[in-house]
Every structure is written in structure tokens, then in C-alpha cells.
Amino acid sequence: MIRIEDIINKVLENHPKANIDLIRKAYFFSALHHRGQKRASGEPYLIHPLAVADILADMRLDEISVATGLLHDVVEDTLVDLETLRQTFGDEIANLVDGLTKIAHISNLPKEEQQAENLRKMVLAMITDARVVLIKLADRLHNMRTIEYLKPEKRKRISQETLDIYAPIAHRLGMGKIRGELEDLAFKNLHPEEYEKLAAEVEIRRPELEKRLEKITATIRENLEKNQVPYVEVQGRVKRLYSLWKKLKKRKITINEVYDLIAARIITPNDKSLCYSALGVVHSIWIPVPERFKDWIASPRENLYQSLHTSVIGEGGQAFEIQIRTEEMHHVAEEGVAAHWKYKENKLGKNDEDKGLEKLKTIVSRLLLPLVEEAKNIKDPNDFLESLKLDLYPKDVYAFTPKGKIISLPRGATAIDFAYAIHSEIGDTCIGAKINGRMVPIRTEIQNGDVVEIITSPTAHPSSDWLNYVKTAKARNRIRHWVAAQQRAEAIEIGRKMLSSEIEKFDLSPKKILSDEENLKRIVGEYGLGRIEDLFAYVGYGKILPRGFMAKYLGSEEFARRDPEKKKESAIQSGIKAVKRFIGLVEDAILVKGVDNLLVSRARCCNPVFREEIVGYVSNGRGIIVHSKKCKNLISLMANKERIIEVEWAKDAKIPAQSVKITVETENRTGILAEITGAIADIKTSILDARARVSKDNRGLIEVTVEVFDKDHLDRVISAIERIPGVFEVRRII
Ligand code: MN
């Protein structure tokens, strides 16, 4: 078991003035409250907070972080509440522990959503204190190291989450060592068989690989010495299993085809010019592969990673990678931003701990800022989880603006994402793109190294179907925002039309009433709304019925006196009248401009085709649903007559081709299915599906799904089938 004194000594090494009493106090507090508790392994629970504190001390974090490591589970797993912790250890530690404590179990939430909520809570806590994420990583690392004691199902879930969320966070923070260990542990538990198989394959090759590595590192040392370039260490390593496995899967290659199965690393004293000297030596021994050289020293990665990478062709033509960096850079590469903080702090002077901490906070939050922004804006926890995953995967596509600015995007991102990455305004008004000088559609995927020029138009707007083509949270959020605003504008417009036609039924003037601000404002107040526009929007969304509005406008007496429904002779007759009204051209009809977007959608039951006669039904909150006038459900919908509304297809509607199912009853003879599909194909119509069976009374029953553009087209298909000899009946399925 790790001893608290060992942890204290580690902290003192890095922070000589640390408040050691705080750590001791946290240790006793944790031991007291976790007493009697056991881990799944059967060991005392205290082992876990001690191990976490030890990892944090290794990360060179301060005494507050280490004390929090000791206390991180007391609120979640013991009877201690946050207030007690606050009184005993102060705000700083209490806030850190709070950020690390899962939200209270909400039993009616699905697991996935709880996980998303917990992650969101953690990400938000990082805004106030970046140490939350470092402590969480230490916690996860120890849990992964001891995961073997859990049940397989739980092991898999935790491992998947580690791969999805925590390893990528470690990666983004430049913590190479922790990331590697988390990934290999997760891989082992998630795919035990593949892990064992790959491990065995590497084991078989290990003696040979190590012999090669030894030869390479010896050659490097020898040549460095010969050229009097000082070095601290020359290391050789075999690629880690998870990253190897990922590469094999992604490239669909075998282990024999992996060129960087081994790699060498030169660590020089803390003077970056020595790195370039060492590079010169290396390139004098072996021939470099030109496009593989990368200078991360001159332009460090965002997470402050610095190193020279070069691949050279070794003996027998086998290429391998060499990384060259100073001792300081090496620590940053292994330990991540925390190590960087430590180094900077040394340079600032030992008294400047606070400044060092500020520095750490800014670096961590800059690296994780996209996640934080995400967490603030997204309401649906599942959406949050999705975009968290998306944003965490290495942003490995780099493209350029025409002026040479680098834009990094997730793989699969399109020109739309690129436009939004430059500026929201550019995204909102983009109409096209030139990639490497060629005009392309804006949904074109960006490839590494593309030079992308976005073409905008001041009158252009985002479109809801862009949501299918974007990968970045920024683009998605902006487009959603625009769609919502657009939807509201449409609802206001529709609401106004619905009210106009209702007012006409009362033989009153829509123009007069809809500009009668005084009374409208009164009604707005009665509905508890803010503005007159809200009232129209609510009518448009179907949340307020036009009849209800009229009752409020006229008052009950006047409403009863003028009520057009009362004047009607009978319900049946008024039904007939209503139907008649649909058939005639109605001036106030709401034009259906294109379905399946915003506020007008096509009913699933009858799936009306373009240009067939239709009726609108004002649903509750989901806008207007368009039914075919032949829809069977219309009879029952007529019971809510006040929700029926006139609609017609706009002449310039852009309705995409849609699939329609048709049944054909035929005599039972061979070849008839072929004749039917042939007839459909003859009129240039796509067949999506066709199946035939025989009924009990020996008739052929054929079901065909075709793609049609409008009513005419559908009629042509039906009459083409009807003309085939042996066809008894053709019906469209509604
Ligand atoms: Mn824990």
C-alpha cells in the first residue's frame, strides 16, 4: 500500500513550501470516513484515494490537488456532505470535489443520459478550476488499473467511456503516458481476444525487434559522440498495442506492413539547438523520408508538445521514426500541460505558485474550451455526448485559407464547417466553395492540405439540411439557431393567415382586427405571452386555436351571437361545406412550399404526393400536417373541425421525389411481375421494391414501391399497370 509520507515527500520535492498539514488532514479525514468500506478487489477502500493522490503527486500537482485526490470520493461514497467538506477544507477543495462528484442518481433517466449529464457537469466544473480534469484522469487511471475485479459488463462500459472520453482528453492535454496506458487497458478489457492475439504477435517478434532497436540506438549514440553532440538518453520503443491495433484496422494491413512498429528517441540537454544538431547527425547516418519530417519545435502543437519527428530508411530498406527533443520537452510530452506548468513555475521563481496555477488553468481551459462551449449551449444530454465525442477525436484534417491560415477540422468536416470555422458570418452566408481552385458544392469533405476559398453572398442563409453535412459543434449550433429563428418567422406568418381566415368566417375584417393593437395586447396578456408576434406564433404552432382567439376577442356574448358554427344547420352539412371549401380554390390557403421541413410536414398515414388534393391539420405544437383528401384518417380528424385548415401546394414548391406503395391484383400467371416492372420502367420511373405472392383464391398480389414526383406521375404509373392484360385492380396503399 502506498504510504502517505511517500506522497508528501513527492509533493515537497516539487513544491518545497507546500502546506503539508492539509494533505495529512485530508488523509485522516478520508481514512475516517471510508473506514470499513472495501473495493471490488476486497482491499480497503482507502487504497483508491491514496493511489489517486500518488498519481497526482507524480503529475507534480500542488497540495490542493493532492488533498482533493484523497477526498475525491467522500461526498459520493460516504455520509459526508459537501457542506461539511466546505467547513473543514474550505471552498477551493469543496468546489473541486463537487466538480468530481456524480449527480445524484436519477433512476428514471437512461444510463446513457446519466453518463452524459455527469460528463457535462465535469466539463462545466473545469471552467472554474482546470484541476478537476487532471484529478478525474488520475481517478480514472487507477480505476482502469484495477478494473479486473469488476463484472465483464461494467468493465466494458467503463472501458468504452475511457476510450471515448478520457483517453482523448489526456491526448488533447498532451499527456502521452496516461493516454497510452488508458488506451491499452481499455483495449484489453473491451476486446480481450483481439488484445491477446495482437500481444502474442508482437511478443513473437519482440526478440528480433529489440535486436534491431539495440543496433539503431547504439549507432545513434556512437555517431552523436563522434560528432560531439551531447545527449541525455537514446531510447528505443515498440509501438503500443492499442495504437498499433487502430492502425492495422484503419489501414487494413497486417503487422508486417507497419513501418513504425519500432521507433527511437533522442533526448538532449535543455537547449533546443542540440535537437537540430542531433537531427543533422541522424540524417548523416540514414536517408530521411522527405515528407515525414515535422518540426514541432519551431511550431509547437496547441497542447505545447514540442519535438522533431523524422523517418529514416534503415537497414534492409525498413523505415522507422526518430523523435528528437530536450529533456524539458520530453517531460511535457509525457506528462502534458501539468509538467509545462511546473517548468514555467521554476522559471517564475518558487514564490509564484499562483501564477503557475493560473497558467495551468489557462492552458487547460484553452485546450478544452470547445468542450466547455459545447456543454453550455447544448440542452439535450445525448446531443452533448455525441458532440463531445466528435470534438475529442484528433482534429486531424488541416486545411488552409487562401491567405495561408491553418484551419483544423475533424475528419469528415465539409466546406460548411470550414466556413463557420473562419467566422460565423461567413458560414451563415456561404453559397459555394473553391477547393484547390476548383468550384465544388459546399457539402464537399475537406481533405488534408486543401486550400479552401469560401464564396459568400450577402443574401444567402443557412439551410436546415446543412445539418446533415456538418461535423463541428460551432457550425451545428449556428445552423440550429438559424433554423429555430426561421421556424418562428414561419409560425408567425402561418398564424396570421389562420387568424385571417377565422375572422372572415365571423364576417369581420381581418385587416381591422389584426391591427387592433389595444385588444390584441389584452389577449396576449390573457394568454400570458409577451408580444403580439408571440400570439401569432402560438397560433401557427397550433398551441392556440383561432376559435379560442375569437372567443377572447369578441367576449362570450358577442362570440355566441356571431358564431358561424351555430348558424350551420347540422354537423353533417357543415362537414360537407367544409369539404367543398377545400375543393374550390381558396385564397387564404396556406401554401405548402416544400414538405418535411420546418412547420409543414407530410402525414405518414397517407403520404400525399405533390399536386394531389390535400388538407391541413393543425397539430398540437408540431405545425401543420398535410393529409391527402383521400386519407382514411380524415373522417376522424374532421371531429376537430377547428383544426382543419385549407392548404395547397405552391406552384413553385420544391418537393423531392417520394416513394409510394402500390398493390396490384392480377391473375396468377408467370411473367406478370416482369411485365409490371417493365411497364413502370418504360415510363422512366424508379422501382424501389417489388414483391409478389399468391392469395388464397389463387390471385396474384403484387406490391411495388415506386418513386414519383407528383400526382400526374403517379397516375401515369397506375394507368400503365392497369393496361397490362390480366391486371384486375391497382390501388395505392394509404
Ligand atoms: Mn474515485
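One-based numbering, in listed order, for ligands and for the atoms of each. Since the structure is predicted, the reported quantities are computational estimates derived from the model, not experimental observations.
By the 6.0 Å and 45° rule, Lys38 does not stack over the aromatic ring of Tyr45. A cation-pi geometry, defined here as NZ or CZ lying under 6.0 Å from the six-membered ring centre and within 45° of its normal, holds between Arg301 and Tyr305.
Among the backbone and side-chain atoms of Glu76, no N/O/S atom is found under 2.8 Å from the Mn ion (ligand 1). Counting backbone and side-chain atoms alike, Asp73 contributes an N/O/S atom closer than 2.8 Å to the Mn ion (ligand 1). Among the atoms of His72, an N, O or S atom falls under 2.8 Å of the Mn ion (ligand 1).
Among the heteroatoms counted here (N, O or S) of Asp139, OD1 is the one nearest to the Mn ion (ligand 1).
Using modelled atom types and a 3.5 Å distance limit, the side chains of Arg325 and Gln323 yield a donor-acceptor pair. For the residue pair Arg131 / Thr68, no side-chain donor-acceptor distance below 3.5 Å is found, with atom types taken as modelled.
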